[in-house]
Amino acid sequence: PVILHGEMGCGKSYLVRLTHEYCLNHMTSTRKEIPLLRKKAFRGEDKGRQMEELFGKGAADGKAAERGLLEEADEGILCIEDASHLSEECQEKLADYLSRNKFTRMQDDQAQIESRVHLILSTSEDPHTAFCHSLLLSIPVICSIPSFQERNEEERLEFVIKFFQEEQARLERTIYISKRLQHFLMSCHFESNIDELRRCIRTICANAFADCVSNQRMDICLYHLPVQLLLQRNRALLQQLQREAQGPLPLNGLPHGHLAPYVVNAELAEMLRRQRTEPDIVVRYSFPLECGVGLPNGAHLPLHLRHTRL
C-alpha cells in the first residue's frame with residue numbers, strides 16, 4: 001500500500017497509471033488481467049455508503065450479498081482518490097484489512113473475505129493530519145509528488161517534450177517548437193500543474209494545426225499559446241498596440257487575471273499572432289527516443305533534442 005500526496009494536477013493519477021502498467025508487465029496473477037479500480041471520496045459523503053462501496057454488503061431481507069471494491073479488485077489495484085475524505089471508521093476498517101488481508105462485509109460480521117489488493121490512497125492534504133494513526137502505521141510508503149514548479153529544469157523539460165510528442169503522434173506531423181515557447185512553458189505557473197500543462201500544449205498544437213500548410217511538418221511558436229497565456233506573455237506588446245491604435249484596449253486583470261471578455265481577448269490574441277516576431281531557432285523532438293528516465297515497458301520520457309536553424 002502507498003499514499004500519494006501532492007497538489008491538484010501534480011501527476012498522482014498519472015503515477016497510478018504507470019504503476020498499473022508496471023504490474024501488467026512484471027507481475028503474475030491468477031486473473032487474466034490485473035484490474036485497476038478507482039473510487040473518489042467526497043467530503044461529507046455518507047460513511048455508511050462509503051463502507052458498503054469499499055467492503056460490500058452482506059445478504060439481508062432476501063437480497064443477495066453485494067461485492068465491494070476490495071473484493072472486485074482482488075489481485076489488482078484499488079486507487080482511492082481524495083482519500084482524506086474517508087470517514088474515520090472507514091479508515092480504521094481499511095487499516096484492519098491491511099494488517100490481515102481479510103475483511104467482513106457490512107451487515108455481516110461472520111464471513112471473512114480474503115483479498116489481496118494493491119491499495120493506493122491519493123490526497124492533496126497532509127497525510128499525517130488527514131489519516132488516522134492506525135492507517136498510517138499500516139502504510140509503509142508515503143510518496144510526496146512535487147508540483148510542476150517545484151520540479152527541476154530537466155523534469156519540467158521532460159514533461160513538455162512528452163506532451164508535445166503525444167500530440168505529434170496524434171496529428172501525424174513532425175513538430176518543431178521555438179526555444180522561447182519551450183522556455184516559457186517550463187517557467188510558467190500552472191495552477192493545475194501537469195494536467196493544465198497537458199491541456200495547454202493540446203491547445204497550442206490545435207492553434208498551430210490551424211495554421212499548418214504541410215502534411216509532414218508543423219512549426220509552433222509563442223503566438224500559438226492559448227489566448228490568456230498569450231495575453232499575459234505579451235503585455236508590453238499589447239500596450240504598444242494600444243498606443244498605435246490610439247484607443248483603449250481592455251488590459252484590466254492582466255497578467256494575473258482575465259477580466260476582459262473572452263471574445264475581446266481572442267481579438268487581442270489574433271493581433272499578437274499577426275506580429276509573428278519569433279526567433280528562427282526551433283527544436284525538433286527526435287524519434288526514436290534515445291534516453292530518458294526509467295518507466296515501465298520502455299515508456300521513457302525523452303531527453304534528447306536536436307537544434308535546427310530554419
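Below, each value reflects all heavy atoms present in this structure, side chains not excepted, and no hydrogens, waters or symmetry copies.
With hydrogens and angles disregarded, a donor-acceptor distance shorter than 3.5 Å links the side chain of Gln50 to the backbone of Ser87. Formation of a donor-acceptor pair under 3.5 Å by the His118 side chain with backbone atoms of Ile77 is not found in this model. His224 contributes no side-chain N or O that, together with a main-chain N or O of Ile220, makes up a donor-acceptor pair within less than 3.5 Å. A distance-only check finds a donor-acceptor pair linking the side chain of Gln91 to the backbone of Cys132 [under 3.5 Å]. Remark: side-chain polar atoms of Asn193 are paired, donor with acceptor, to backbone N or O of Phe148 under 3.5 angstrom. Judged by distance alone, the side chain of Tyr97 and the main-chain N or O of Ser115 form a donor-acceptor pair under 3.5 Å. Of the possible donor and acceptor atoms, none in the side chain of Glu167 sits under 3.5 Å from a partner among the backbone N and O of Phe164. The main-chain N or O of Arg67 is never found under 3.5 Å from a side-chain atom of Lys57 such that the two would form a donor-acceptor pair. Of the possible donor and acceptor atoms, one in the side chain of Arg156 sits under 3.5 Å from a partner among the backbone N and O of Met186. In terms of modelled atom types and a separation under 3.5 Å, the side chain of Arg217 and the main chain of Ile175 share no donor-acceptor contact.
Note on Leu18: it clusters hydrophobically with Leu197, by side-chain heavy-atom contacts below 4.5 Å among ILVMFWY residues. Leu4 and Val141 end up in the same hydrophobic cluster when Ile, Leu, Val, Met, Phe, Trp and Tyr side chains are linked at under 4.5 Å. Hydrophobic clustering, with ILVMFWY side chains joined whenever heavy atoms are under 4.5 angstrom apart, keeps Leu119 apart from Ile34. The hydrophobic cluster containing Leu24 does not contain Val2, counting ILVMFWY residues as joined when their side-chain heavy atoms lie under 4.5 angstrom apart, directly or transitively. Leu98 and Ile113 fall within a single hydrophobic cluster, where Ile, Leu, Val, Met, Phe, Trp and Tyr side chains are chained together by heavy-atom contacts under 4.5 Å.
Applying the salt bridge (Lys or Arg N to Asp or Glu O under 4.0 Å) test to Glu191 and every residue at least two apart in sequence or in another chain returns nothing.
No more than 12 heavy atoms of other residues, nucleotides or ligands shown are found within 6.0 angstrom of NE2 on His133. Surrounding NZ of Lys102 are at most 12 heavy atoms belonging to other residues, nucleotides or ligands under 6.0 Å away.
Here the closest heavy-atom approach between residue Cys90 and residue Leu54 is recorded as SG-CD1, 3.3 Å. Here the closest heavy-atom approach between residue Leu78 and residue Ala73 is recorded as CB-CB, 4.2 Å. Counting all heavy atoms, side chain and backbone alike, His85 lies closest to Ala41 at ND1-O, 3.4 Å. Looking at every heavy atom in both residues, Cys221 comes nearest to Ser178 through CA-OG, 3.9 Å. Across all their heavy atoms, Ser147 and Cys10 have their closest contact at CA-CB, 4.3 Å. The shortest non-hydrogen separation linking Arg173 to Phe209 is NH1-CE1, 3.2 Å.
Summarising the geometry, atom CD belonging to Glu92 is positioned 9.0 Å from atom CD belonging to Glu89; distances are rounded to the nearest 0.5 Å. Atom CZ in Arg198 sits 12.5 Å away from atom OG1 in Thr203 (nearest 0.5 Å). Atom CG of Asp126 is separated from atom OG1 of Thr129 by 4.0 Å, given to the nearest 0.5 angstrom. Taking CE from Met218 and OG1 from Thr174, the interatomic distance works out to 10.0 Å, rounded to the nearest 0.5 Å. Atom CD in Glu53 sits 9.0 Å away from atom CD1 in Ile80 (nearest 0.5 Å). Between the CD1 atom of Ile3 and the OG atom of Ser144 there is a distance of 9.5 Å, given to the nearest 0.5 Å.
The aromatic rings of Phe163 and Phe159 are tilted relative to each other, their planes meeting at an angle between 30° and 60°.
With contacts defined as side-chain heavy-atom distances shorter than 4.5 Å, the pair Lys12/Ile120 does not qualify. When side chains are defined from C-beta on, Phe131 counts as touching Thr123, because their heavy atoms get closer than 4.5 Å. Side-chain atoms of Leu37 and Val117, non-hydrogen and from C-beta on, never get closer than 4.5 Å to each other. Between Thr19 and Val16 there is no side-chain heavy-atom pair separated by less than 4.5 Å. Inter-residue side-chain proximity for Ile177 and Leu185 is flagged as unmet; no heavy-atom pair is nearer than 4.5 Å. The side-chain heavy atoms of Glu114 and Phe103, taken from C-beta on, include no pair separated by under 4.5 Å. Between Arg202 and Arg170 the shortest side-chain heavy-atom distance falls below 4.5 Å. Contact annotation: the side chain of Tyr14 never approaches that of Ile194 to less than 4.5 Å [non-hydrogen atoms, C-beta and beyond].
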(request) Take Glu7 and Ser124 through the side-chain hydrogen bond (donor to acceptor under 3.5 Å, both in side chains) test and state the conclusion after the steps. (result) CA-CA 5 Å; Glu7 295 179 7; Ser124 58; over 6 Å; no

(request) Check step by step if side-chain contact (heavy atoms from CB on, under 4.5 Å) holds for Glu125 and His5. (result) CA-CA 7 Å; Glu125 300 181 20; His5 166 239; 5.9 Å; no

(request) Report the C-alpha separation of Arg100 and Gln112 in whole Å, then their side-chain angles, then the decisive distance to 0.1 Å, and conclude whether the side-chain hydrogen bond (donor to acceptor under 3.5 Å, both in side chains) test is met. (result) CA-CA 10 Å; Arg100 303 187 303 120; Gln112 296 285 324; 3.3 Å; yes

(message) For a side-chain contact (heavy atoms from CB on, under 4.5 Å) check, start with the C-alpha distance between Ser122 and Asp82, then their side-chain angles and the critical distance, and finish with the verdict.
(response) CA-CA 6 Å; Ser122 170; Asp82 292 332; 5.8 Å; no

(request) Any chance you could lay out the side-chain contact (heavy atoms from CB on, under 4.5 Å) test for Leu86 and Leu94, step after step, and finish with the verdict? (result) CA-CA 10 Å; Leu86 292 174; Leu94 275 176; 3.8 Å; yes

(request) Begin from the C-alpha positions of Leu136 and Ile142 and carry the test side-chain contact (heavy atoms from CB on, under 4.5 Å) through to its verdict. (result) CA-CA 9 Å; Leu136 287 174; Ile142 298 178; 4.2 Å; yes

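Residue Lys39 forms a salt bridge (Lys or Arg N to Asp or Glu O under 4.0 Å) with just one option from Glu72, Glu52, Glu81, Glu45, and that option is Glu45.
A salt bridge links Lys162 with Glu166: at least one charged nitrogen is closer than 4.0 Å to a carboxylate oxygen. Salt bridge status for Arg116 with Glu75: absent, with no side-chain N to carboxylate O gap under 4.0 Å. Remark: Glu158 does not engage Arg151 in a salt bridge, criterion side-chain N to carboxylate O under 4.0 Å.
For the residue pair Lys93/Thr104, the side-chain donor-acceptor check at 3.5 Å is satisfied.
Taking a 4.5 Å side-chain heavy-atom cut-off between Ile, Leu, Val, Met, Phe, Trp and Tyr, the cluster of Phe42 contains only that residue.
Counting only residues at least two apart or in different chains, salt bridge (charged side-chain N to carboxylate O under 4.0 Å, His left out) contacts with residues 129-142 are absent.
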